[in-house]
Amino acid sequence: MSEVAIHLHGIAKAFGATRVLEGIDLAVAPGEFIALVGPSGCGKSTLLRIAAGLEPPDAGRVLLDGRDVTALRAADRDMAMVFQSYALYPHLTARQNMALPLVMRRLGGAERLPFARLLPRVRTKLAAIGAEVRAAAEMLKIAPLLERKPAQMSGGQRQRVALGRALVRHPRAFLMDEPLSNLDAALRVHMRSEIVDLHRRAGVVTLYVTHDQEEALGMADRIAVMLGGRILQVAAPDTIYRDPAHVEVARFIGSPRINLLPAMVNAGGGAEVGGQVMAARIAAPVGSQVRLGIRPEHLRLDPQAGPGRLPVRLERIEFLGAEALVHCTADGLAEGLIAKMPPTAAEPLRFHAELHAAADDEALLVFDAMGARVARHPAGAAAREPAHAGQPHAS
Amino acid sequence: MMRALRLVVLAAGAVLVLFPFLFMISTSLKPQAEVFSAGLSMIPTHWSGWENYTKAFTRIPMGRILLNGLIVCAAIVAFQIVFALPAAYALAKLRFRGRELLFGIVLLGLLVPIHAISIPLYAAARTLGLLNTLAVLIVPFTLSVFAIFLFRQFIKAIPDDLILAARSDGLSEAAIVWRIILPNAWPAASAFAIFSVVAHWNDLYWPLIAISKTQLATPPLGLLFFRAAEAGDDYGALMAATVVITAPLVLFFLFAQRLFIEGMTMTGLKG
């Protein structure tokens, strides 16, 4: 048993002139839950289909437990796929839907003929399949639905049957393509924990495609952030959030969105925004353009002016119960700024039209003009190197 | 008010369409003298239905002729579906070089009427020694481009995910066609079966060319033999025979229509 359960190696794919995937490398450890996250059209579903064997790659290899399965068809890879549309067979009951993959795997062509049921050998096999389907149904709490057809079930129930169909096979990997996107918000949150629980119990490698960064952060052991056919960063959720390797990773992960301020590196290695120096010790050439990323929870707003504080105008305060979002605009910024803080801190700000934004130096993320993370020169406090996992971004 | 008007218009249309059939049934129950009487009455004054229907069943081998029609139509529909469904699946869901060209050829095939190719077909059947067999009535129609076209359009609407799911569940392409596509294309298949059975049950053109034995006649050809052999001007008996060969089709249609509507109301694949 190798340390890598699924290894995607140099995967490239184009549809006509459109290059969907460009040299993807991803190694998944046994039992790991990996979320492939990115905006729609970033190639994440295509990558999942290539892993499943439903789509051939133009270049690259798929290794399963160290074995090259690139040429193997989907049926022989023994991975189970769960689809956003559930893809249940509409003409079969839940029981038949769940049993079909086992029937196809365990019974020979002749044994699947209707009259073969009379043979004792076939009857034994069918009984075993029936028992396994029941066990999976109990686990997913869908036993009372087994005789229903998909049309007679709700979205959540169909989702469970689809999970059951994947589960009964005891596959080597679960491949899930936005399985919760068709559910309503409350059910989605509930099913998240059920899928995580299911993954823990089955202990099987899971590749989970989603465009919902919150889902990825909450469920995955590691997240692979994809954009434009490339993986920008692969890391644990907290690393991805705290230590993004690329401005697009920072922009995509986190809600509300990260604040990005265009700045210029001055002679002292600091970043100047609107005449204010907001970050120091930047390892970038003097005069180059950089962007400062500040998470909303790190953006401080103060009525008082001061060094390193950017003058902004208060637009509105959005109360969300446990916290409040303060929306501001600043001269020379295309996008507004958002600060997240406790409502008690936001309330006094409402009487000031003019505010001053700042952030602690260590909370600032600096990106160069190409979007890559810029290192900070060590000075006193230990400087962090951005975590580069997966493939380094070529630029 | 609008509703009443609509009903009147629909009823008038229905009467117009049904009248020939009612007249056929009425005539089949009348004695010969009454058929040619000057007045137009739908209800016979003398009932001679028994004689007319007896003639229809005894002067020609009616049972055999109906059976021929049944065998020919069933075989044609079965072969058409068996051949067209995999072709339609490939055209709708598989990616391969020349697919659009092939589909273009299928569409072109829709434009070729049977009459245009009946002479080569006849020559081929003669060479193969198939004339005056039931096979000659079936073989030329086993491949229906219309069925390929119809099924292709229907299969295109089946979500790709369903087929991908089937592939990862271990189904071969053939298993996908018969286990997944066929049950889900059932509305299309039953709609097509109606078209096909009506067309081939009623077909006179090709059987007239290929068959010269009464024993092998299909219903319309049998009717022709019946008129030629026997009932030159015995319209009562002729109409009785006509009723007999029309009835199975009407019954089939009513039955298949119910299936068809059931199929259409089958809920979608997702949602």
Side-chain angles (χ1 to χ4, degrees), chain A residues 15-16 45 48-49 51-56 72-92 96-107 109 112-113 149-155 158-159 161-162 165-166 168-169 171 173-175 177-179 182, chain B residues 78 81-82 85-86 88-90 92-101 151 154-191 259-271:
Chain A
F15 292 117
S45 288
L48 197 71
R49 278 169 198 200
L54 297 170
E55 193 87 64
L72 243 49
R73 55 191 195 108
D76 300 328
R77 293 194 188 186
D78 202 14
M79 296 168 156
M81 187 103 176
V82 178
F83 295 85
Q84 178 180 355
S85 60
Y86 320 130
L88 296 177
Y89 309 116
H91 60 292
L92 300 179
Q96 292 166 324
N97 262 288
M98 288 167 70
L100 189 63
L102 296 181
V103 168
M104 297 310 290
R105 247 152 244 271
R106 297 197 192 152
L107 270 58
R112 291 198 296 263
L113 296 173
K149 290 195 174 176
Q152 300 161 304
M153 288 185 254
S154 71
R158 277 180 230 177
Q159 182 58 71
V161 175
R165 187 173 63 178
V168 279
R169 272 165 59 178
F174 285 123
L175 306 174
D177 191 356
E178 311 228 3
N182 280 1
Chain B
I81 290 176
V82 164
L85 204 64
Y89 169 68
K93 291 293 184 191
L94 302 183
R95 270 179 299 190
F96 55 91
R97 200 181 287 275
R99 182 176 78 165
E100 298 314 309
L101 180 73
F151 292 158
F154 198 87
I155 294 169
K156 258 209 155 350
I158 293 178
D160 286 346
D161 280 359
L162 202 62
I163 287 152
L164 295 180
R167 279 189 199 135
S168 74
D169 277 349
L171 276 72
S172 64
E173 297 302 303
I176 289 174
V177 170
W178 303 119
R179 281 177 164 259
I180 309 297
I181 301 291
L182 179 61
N184 286 300
W186 199 243
S190 51
L259 268 185
F260 181 68
I261 291 168
E262 249 171 38
M264 293 308 259
T265 52
M266 213 164 63
T267 42
L269 299 171
K270 77 181 209 188

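No experiment lies behind these values; they were computed from the predicted model shown. Sequence lines set the chain letters: A, B, ... in the order given, protein chains first and strands last, and positions in each chain run from 1. Heavy-atom basis, side chains included; hydrogens, waters and symmetry copies ignored.
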- Message: Among residues at least two apart in sequence or on other chains, which ones pass side-chain hydrogen bond (donor to acceptor under 3.5 Å, both in side chains) with A:K149?
- Response: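 Applying side-chain hydrogen bond (donor to acceptor under 3.5 Å, both in side chains) to A:K149 gives none.
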
- Can you tell which of A:R165, A:M81, A:R73 has the highest number of heavy-atom pairs within less than 4.5 Å of chain B?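 Heavy-atom pair counts peak at A:R165.
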
- Message: Heavy-atom pairs under 4.5 Å with chain B - which of A:A162, A:A80, A:A74, A:A87 has more of them than the others?
- Response: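 Greatest number of close heavy-atom pairs with chain B: A:A87.
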
- Message: How close do B:G170 and A:R105 get, counting heavy atoms only, and between which atoms?
- Response: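 Answer, listing the atom of B:G170 first, then A:R105: N-NH2, 3.9 Å.
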
- Task: Provide the closest heavy-atom pair for A:L88 versus B:L162 in the form atom of the first, atom of the second, distance.
- Result: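 Heavy atoms of A:L88 and B:L162 come nearest at O-CD1, 3.1 Å.
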
Atom [atom1] in [X], atom [atom2] in [Y]: separation rounded to 0.5 Å?
{"X": "B:D169", "Y": "A:M104", "atom1": "CG", "atom2": "CE", "value": "9.0 Å"}
{"X": "A:H91", "Y": "B:R179", "atom1": "NE2", "atom2": "CZ", "value": "8.5 Å"}
{"X": "B:L164", "Y": "A:L54", "atom1": "CG", "atom2": "CG", "value": "5.0 Å"}
{"X": "B:R95", "Y": "A:E55", "atom1": "CZ", "atom2": "CD", "value": "4.5 Å"}
{"X": "A:Y89", "Y": "B:N184", "atom1": "OH", "atom2": "CG", "value": "10.5 Å"}
{"X": "A:D78", "Y": "B:S168", "atom1": "CG", "atom2": "OG", "value": "10.5 Å"}

- Task: Could you tell me which portion of B:A166 (side chain, backbone, both or neither) has an atom closer than 4.5 angstrom to a non-hydrogen atom of chain A?
- Result: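 Interface part for B:A166: both.
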
- Could you look at A:R112 and say if it's the side chain, the backbone, both or neither that has a heavy atom under 4.5 Å from chain B?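 Contact with chain B: backbone and side chain both.
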
- Item | Student check: side-chain heavy atoms of A:L92 and B:P183 closer than 4.5 Å |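 Not in contact.
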
